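Notes for the one structure printed next.
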Amino acid sequence: MSVAIRIRFPSGRYHATSWGHHVNEGVVDWPPSPWRLLRALVAAWHNRSRAEDDLPRAVLARLTAKMSVPPGYVLPSSWSAGHTRHYMPGGSTKANDKNLVIDSFVAVHPDEELVVQWDADLHDDEARMLDTLLHRLTYLGRAESWVEMWRGEPVEPAALVRPGEGDGEAVPLLALDPGAGLKELEQDTQTLHKRRANAPEGTRVVRYFVGRPSLPLVSRPRESRANVAVFSVRSDVPVRILDAVDVTDALRAALRSRASRDSWVLSGRGEDGRPMRGHRHAVFAAEDRAGNGRISHLWVSAAASFDEATLDAISRLREVCGGRGRSRSRGFELDLALLELGRVEAFERHPFVGPARTWVSRTPFLLNRHPKVRRGRVVDGPEDQLRRELASRGLPALLHLEPLARLERKTRRPLRWLEFRRYRRRHQPAVQEAYGFRITLEEPIHGPLTLGFGAHFGLGSFAPVWDR
């Protein structure tokens, strides 16, 4: 049996310095060394949340042991090495004190795939862990080297470039020694530098003979399959989920300011400057994953795929600030880290995405229209507007709807919907009353699901509920 990992580079570039070389030498670790790939899997395992107790360390040890044999590669048909040069300020105040920094990379078209294949037979629990860890990996090498990685169909052995085989230039890659395991993969890089070690313990150099690409790299506009980006949030002062609308408004402003050009995905406006219809532009949402009333993650999602300007903005975003001035919420400064980037369909049983048939409100549902009383009966009330919006979005029919008086939490007091901040700057809902619902649809859907007034700015968010 064989295990094949397929890698795509959405940004079109792969940045990683080969072991034993300085960044200014311009030696790129291409193809990605077996050591780097296994270390990335181990790092993704250590970055798991406390809720993910179904990823035992013993399974990780078996998985990495089976993948310790150097793999074979199938390189993309078109790629090219390149670099940029930057003169960075030195440590003195002299105007001419500049340090040359070379940024080397391999350019790969976003549609091309790199295949890495091992001769290994994985058990079901090992295969599930590998799939989970690959899904969690958003970059390989440097942080700007975005990747989409998944376990795919193996290729024919004749197509692989194996150690000591192939035509072209000899490329030394770092790999594990026979018998080395998880302990060696968990070595701290800082400790290795202090020891002045030439190479990590338990590793060896394996040579591959890599030929030049069969097709020249043609410069084409960058296209992305990704339509969801997830950021983790860190802040010295916790930010309340009650202020989600202010935080997501600041998130949108930060992304637009960092975009290389104006993006309809971020602005929600067409070329004529008018607001777009159909809800295909970006939705900005805040998540309280721990249920403690604090924002832990920020989401950017769209029905359409992200365009180049949106990808540029996401890659540059490191912080979000706001909540001052006339805003009633406290000022906030959030440090962000990009956790996940991909298609929404790849998020299985995620606490914010689903898929699921039953969804429950996590932030208040607000009305876009004023309810009316006709012949003694309320028309266009909250339930009517919810049903109408579900139908207008083309979502499955509503089977059951249960109003919720408040947001229930496991360990803390319930939150009343009126406690949430419910408007964004000058934009206000039709009425100030807020509502919550538990809804069940005919068929499961993927989220993020946001409905009602302010649905693109953290309001009207629903979380999936799965049948036990």
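Computed from a prediction, not measured in an experiment: that's the story for all the values here.
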Can you confirm whether more than 12 heavy atoms, excluding those of [X], are under 6.0 Å from its [atom1] atom?
X: Arg316; atom1: CZ; value: yes
X: Phe437; atom1: CZ; value: yes
X: His21; atom1: NE2; value: yes
X: Arg393; atom1: CZ; value: yes
X: Asp188; atom1: CG; value: yes

Walk me through it: do Lys66 and Glu126 pass the test salt bridge (charged side-chain N to carboxylate O under 4.0 Å, His left out)?
CA-CA 10 Å; Lys66 291 183 178 181; Glu126 297 163 354; 2.8 Å; yes
Ionic contact status for [Y] with [X], cut-off 4.0 Å:
X: Asp131; Y: Arg128; result: no
X: Asp246; Y: Arg240; result: no
X: Arg57; Y: Glu186; result: yes
X: Asp262; Y: Arg269; result: no
X: Asp335; Y: Arg318; result: no

For the residue pair [X] and [Y], what are the closest heavy atoms and their distance?
X: Leu398; Y: Thr440; value: CD1-O, 3.5 Å
X: Ala65; Y: Ser68; value: O-OG, 2.7 Å
X: Ser461; Y: Thr363; value: N-OG1, 2.8 Å
X: Val320; Y: Leu251; value: CG1-N, 3.9 Å
X: Leu255; Y: Ala313; value: O-CB, 3.2 Å
X: Leu114; Y: Val74; value: CD1-O, 3.5 Å

Go through the structure and list residues passing side chain to side chain contact (heavy atoms under 4.5 Å, CB included) with Val171, not counting sequence neighbours.
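Leu173, Val210.
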My understanding is that only one of His109, Glu112, Glu113 makes a side chain to side chain donor-acceptor pair (under 3.5 Å) with Arg8; could you say which?
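Filter result, single survivor: Glu113.
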Can you tell me how far apart OG (Ser235) and CZ (Arg294) are? Round to the nearest 0.5 Å.
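Between atom OG of Ser235 and atom CZ of Arg294 there are 10.0 Å.
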Please determine, by modelled atom types, if Thr310 and Asp307 share a side-chain donor-acceptor pair under 3.5 angstrom.
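Present: a donor and an acceptor within the cut-off.
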For the residue pair [X] and [Y], establish whether any side-chain heavy-atom pair is separated by less than 4.5 Å.
X: Ile445; Y: Trp359; result: yes
X: Thr358; Y: Pro464; result: no
X: Arg36; Y: Leu140; result: yes
X: Glu201; Y: Gln187; result: yes
X: Phe306; Y: Val265; result: yes

Would Trp299 and Phe352 satisfy ring-ring contact (aromatic ring centres under 6.0 Å, His included), going step by step from the backbone distance to the final call?
CA-CA 9 Å; Trp299 288 70; Phe352 205 58; 5.2 Å; yes
If we check side chain to side chain contact (heavy atoms under 4.5 Å, CB included) with Ser104, which of these qualifies: Val28, Thr17, Val27?
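Between Ser104 and the candidates, side chain to side chain contact (heavy atoms under 4.5 Å, CB included) is satisfied uniquely by Val28.
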Determine whether the aromatic ring centres of Trp30 and Tyr14 lie less than 6.0 Å apart.
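Aromatic pair counts; centres sit under 6.0 Å.
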